[in-house]
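Following: one structure in structure tokens, then a few remarks.
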Amino acid sequence: MEPVKIDEVQKLINSFANKEVYIHLETTNGSYASHFDEKFFNAGAFIRNAKVEYELGKIIGDPPSRVGLKLGNLGWIYAQGITHYEMDDNGRLLMAGHDHQGKLAVSLQISETPFE
């Protein structure tokens, strides 16, 4: 993965607009942290292979950036904290946010085929 370049990522997000795509979105603040500190409050979210069609996708802000995908009149998919991206060999846009220690904090991925 390479650091976010707003213009490059925006072009990639645009290339998936108005198509049926699969979304993978997850957040974590360290799912195993509570094993080391029982007072640590663990929170996270995970969704995989949600089939959607977004009419508008936007990345804004100097990294860490925010990505929003507008689902017509149905609402939004939103990820904050995106620092890195890549277009993989399978044509999937993979975006991730890593904290100051390099640990994954958020992931938003877009694909025209389901994730395995």
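Basis for what follows: all heavy atoms, side chains included, without hydrogens, waters or symmetry-related copies. Heads up: numbering here begins at 1 and tracks the sequence.
Interatomic distance, Y85 OH to M1 CE, rounded to the nearest 0.5 Å: 10.0 Å. Here the CD1-CZ distance, from I59 to R66, works out to 9.5 Å after rounding to the nearest 0.5 Å. I23 CD1 to I47 CD1: the interatomic distance, rounded to the nearest 0.5 Å, is 9.0 Å. Rounding to the nearest 0.5 Å gives a distance of 12.5 Å between CD of E53 and NZ of K70. Rounded to the nearest 0.5 angstrom, R92 CZ and E112 CD are separated by 12.5 Å. Atom CD1 of residue I60 and atom CD1 of residue I82 lie 12.5 Å apart, to the nearest 0.5 angstrom.
Counting all heavy atoms, side chain and backbone alike, N18 lies closest to E55 at OD1-CA, 3.6 Å. Taking every heavy atom of both residues into account, L56 and W76 meet most closely at CD2-CH2, 4.5 Å. Shown here for G61 and I6, the closest heavy-atom pair between the two residues is O-CD1, 3.3 Å. Closest approach of L69 and G57 over heavy atoms only: CD2-CA, 3.9 Å. When all heavy atoms of L104 and V106 are compared, the pair lying nearest together is CD1-O, 3.2 Å. Residues Y54 and I13 share a closest heavy-atom pair of OH-O, 2.6 Å.
Remark: T83 engages P64, H98 in a side-chain contact (heavy atoms from CB on, under 4.5 Å) (not counting sequence neighbours). Partners of F46 by ring-ring contact (aromatic ring centres under 6.0 Å, His included), not counting sequence neighbours, listed by chain and number: H24.
Y22 is not connected to L93 by any chain of hydrophobic side-chain contacts under 4.5 Å among Ile, Leu, Val, Met, Phe, Trp and Tyr, and they are in different clusters.
A 4.5 Å side-chain heavy-atom check between S111 and N90 finds every atom pair outside the cut-off.
In the model, Q109 has a side-chain atom that pairs as donor or acceptor with a side-chain atom of S107 under 3.5 Å.
Note on D99 versus K103: no salt bridge recorded, every NZ/NE/NH1/NH2 to OD/OE distance being 4.0 Å or above.
Shown here is K58, whose NZ atom has no more than 12 heavy atoms of other residues, nucleotides or ligands within 6.0 Å.
A side chain to side chain contact (heavy atoms under 4.5 Å, CB included) with I110 is found for exactly one of L12, V21, V52, namely V21.
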